[in-house]
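We count ligands from 1, going down the list as the structure has it; atoms in each ligand are counted the same way. What you see is a predicted model; the values in this text were computed from it and never measured. Computation of the quantities below employed the complete heavy-atom set of this structure, encompassing side-chain atoms and omitting hydrogens, waters and symmetry-equivalent molecules.
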Amino acid sequence: MAMALPRIGLAGLAVMGQNLALNVAEKGFPISVYNRTAAKVDETVARAAAEGDLPLFGHYTPQEFVLSIARPRSVVLLVKAGAPVDQTIAALAPFLEPGDAIIDGGNEWYENTERRAAEAAARGVLYLGMGVSGGEEGARRGPSLMPGGSLQAYDNARDILAKVAAQVDDGPCVTFVGPGGAGNFVKMVHNGIEYGDMQLIAEAYDVLRAVGGLSNRELAAVFADWNRGELESFLVEITADIFLVGDDDGEAGGELVDKVLDKTGMKGTGKWTVQQAAELAVAAPTIAASLDCRFISGLKEEREAAAAALERAGIGGAAQAAPAVDKQQLIDDVRQALYASKICSYAQGMNLLKAKSEEKGWGLDLGELARIWKGGCIIRARFLDRIKRAYQRNPRLANLVVDPDFAAEMANRQAAWRRVVALAVTAGITTPGMAASLAYFDTYRRARLPANLVQAQRDLFGAHTYERVDRPGAFHTEWTKLARRRAAAAPLN
Ligand code: NBP
């Protein structure tokens, strides 16, 4: 039986591309593949044969690759974001025809996608910027997909994407996110939220270890237990596993996690998220704290020197002043602090998406985005279903923390949350993410803030004017002159 020409092709066969192509083929969709360096084509073809004779066909030139795909073509790119995407498009473009679609699956800056979409449109070629999350395993078994751009391009590949994506109780983890660069933007914020989650988990670990004195085995048990409750998520699950891995090379044994250098790498999506939050005047302090911690973690030598210098000055090691704590109570408190902090972090990410959607007219459906993150991606978690429902109840929800269900959860957890942050501060342990989440919550929930004083200062030195609580209008006051007059009339002391 002659097999139909593939409807889809994939260029860029590194970790993500190779696994996504095998996933497509495994779901019964023949696929053509191509990579700039031929060895990766051979590697992918060999894997397709080994993993069950999957319908995957290797090609060695852009022309041969494009022409092997049936029109209208869906051509997925999974090359390094930035210039490599432009170079790959330039190589493929001479062979693409009107109606064909380019689907860039990389972590691309959304404006690059919008520029390329306009360039492609001039040739009649459709364009999708599609966030792909889930790493190697997700790409192979079922990722979360966040496609945005041309609806026609999405419709052409809709059945394939629906089968390839992770499957959860309420459908495949893919949806048409919105026009333009919406798919890339959503993936960027997903990654920013991921930074926040990882930081919050690291802080929970730090408090339990440094203040609670938990061993790695105990930590593994605690995280495994948490993963059976409200914190159930991919990141909590893998964290439990990490604590169990022994160090084969170590003379004294012990666990590998203790040998890993405390210096976090990054590739840019977290930084973009914080930059966009600033651009849009949306507070994202938990995500910003996680980024700051990565920056400071990078200063390993400086931190070692600072620890020594400050110890000489009399400020001892972290946790040295930690009060005695009840271990079980601490574990329970930290669980609640982690959960409450996480809600605030997601509130920030969702509000950033909402602000961008309003600016660009993207019409993002926040509940639907929470749904497609329930499976496949790195931030997949049980509580995303609660977020989905919160936005379904009220699509215009101002902030997750005021949804009635989440508000009740915050109320139940705030005492434990405050105990953990206070304990960490007392002990000299840093919990920047948890503290940022708590400050965010406490700032947001206060009907009156000390911003009146800042506004008065601005009016005093810059005549920026201020509004009053008791009547409308813009006011300016000669603060200094009036203050001098008052002080002269009634000296302060
Ligand atoms: P990389 O980001 O490491 O990119 C490697 C691929 O880019 C190879 O196929 C390489 O071809 C190709 N490439 C480069 Br580099 N320069 C090129 C050029 N000038 N012309 C043509 N091809 C070029 O791969 P990855 O880790 O699989 O990630 C792919 C995309 O997916 C990235 O945007 C990444 O941010 C995103 N992503 C990655 C993950 C993950 O867990 N790794 C998760 C989610 C999203 P070559 O073989 O010829 O050098």
Discussion item. Could you identify the single nearest non-hydrogen protein atom to atom 32 (C) of ligand 1 and state the distance to 0.1 Å?
Written reply: V79 O, 3.7 Å
Practice prompt. For atom 29 (C) of ligand 1, grab the closest protein heavy atom and report residue, atom and distance to one decimal in Å.
Written response: L78 O, 3.6 Å
Discussion item. Ignoring hydrogens and geometry beyond distance, is a side-chain donor-acceptor pair present between N227 and R382 at under 3.5 Å?
Written reply: no
Response to the item:
heavy-atom search around atom 4 (O) of ligand 1 in the protein gives K80 N, 3.4 Å
Worksheet item: Does ligand 1 have any atom that is closer than 4.0 Å to a heavy atom of K187?
Response: yes
Worksheet item: Does NZ or CZ of R294 come closer than 6.0 Å to the centre of the six-membered ring of Y195, within 45° of the ring's axis?
Response: yes
Worksheet item: Hey, does I343 have a side-chain heavy atom less than 4.5 Å from the side chain of F441?
Response: no
Practice prompt. Measure the shortest side-chain to side-chain distance between F65 and F95 over non-hydrogen atoms and say whether it is less than 4.5 angstrom.
Written response: no
Practice prompt. Can you pull out the closest protein heavy atom to atom 24 (O) of ligand 1? Residue, atom name and distance to 0.1 Å, please.
Written response: A14 CB, 3.4 Å
Item to complete: For the residue pair E279 and Q275, confirm or rule out a side-chain donor-acceptor distance under 3.5 Å.
Response: no
Discussion item. What protein heavy atom lies closest to atom 41 (O) of ligand 1? Include the residue and the distance to one decimal.
Written reply: G135 CA, 3.5 Å
Worksheet entry | atom 10 (C) of ligand 1 - nearest protein heavy atom and its distance | N35 OD1, 4.3 Å
Response to the item:
Contact region, E137 to ligand 1, non-hydrogen atoms below 4.0 Å, reads neither
Discussion item. Check for me whether the distance between the ring centres of F243 and Y205 falls short of 6.0 Å.
Written reply: yes
Discussion item. What protein heavy atom lies closest to atom 48 (O) of ligand 1? Include the residue and the distance to one decimal.
Written reply: T37 OG1, 2.5 Å
Worksheet item: With backbone taken as N, CA, C and O and side chain as the heavy atoms from C-beta onward, which portion of V132 lies under 4.0 Å from ligand 1: side chain, backbone, both, or neither?
Response: backbone
Worksheet item: Do any N/O atoms on K40 end up under 3.5 angstrom from N/O atoms on ligand 1?
Response: yes
Practice prompt. Could you walk me through whether Q348 and T286 pass the side chain to side chain donor-acceptor pair (under 3.5 Å) test, one step at a time?
Written response: CA-CA 8 Å; Q348 296 159 30; T286 312; 2.7 Å; yes
Discussion item. One pair to check against side chain to side chain donor-acceptor pair (under 3.5 Å): T269 and N107. What are the steps and the verdict?
Written reply: CA-CA 8 Å; T269 42; N107 281 334; 5.2 Å; no
Discussion item. Under 4.0 Å, counting heavy atoms only: does S133 come that close to any atom of ligand 1?
Written reply: no
Practice prompt. Answer yes or no: is there a donor N or O on one side and an acceptor on the other, between the side chain of S150 and the main chain of A153, under 3.5 Å?
Written response: yes
Discussion item. Could you tell me, atom by atom, which parts of ligand 1 come under 4.0 Å of a heavy atom of G12?
Written reply: 9 (O)
Item to complete: Find out whether the Lys NZ or Arg CZ of R116 is both under 6.0 angstrom from the six-membered ring centre of Y127 and within 45° of the ring's axis.
Response: no
Discussion item. Counting only heavy atoms, tell me which of T269, N107, N184 gets closest to atom 33 (O) of ligand 1.
Written reply: N107
Worksheet, complete the sentence: The answer for which part of M16 has a heavy atom under 4.0 Å from ligand 1 is both
Item to complete: Please indicate whether any nitrogen or oxygen in G17 is less than 3.5 Å from any nitrogen or oxygen in ligand 1.
Response: no
Discussion item. Regarding Y60 and D42, do their side chains bring together a donor and an acceptor under 3.5 Å, going by distance alone?
Written reply: yes
Worksheet item: Counting distance only, does the side-chain N/O of Q199 pair as donor-acceptor with the main-chain N or O of A289 below 3.5 Å?
Response: no
Worksheet item: For ligand 1, which atoms sit closer than 4.0 Å to a heavy atom of Q87?
Response: 18 (C), 19 (N)
Worksheet item: Between the side chain of R158 and the main-chain N/O of Y154, is any donor-acceptor distance below 3.5 Å?
Response: no
Fill in: Sub-4.0 Å atoms of ligand 1 with respect to non-hydrogen atoms of V15
27 (O)
Worksheet item: Taking only heavy atoms of L13, which atoms of ligand 1 are found under 4.0 Å from at least one of them?
Response: 9 (O)
Fill in: Residue portion contacting ligand 1 (non-hydrogen atoms closer than 4.0 Å) for T88
side chain
Discussion item. Among all protein heavy atoms in this structure, tell me which lies nearest to atom 49 (O) of ligand 1, with the distance rounded to 0.1 Å.
Written reply: R36 NH2, 3.0 Å
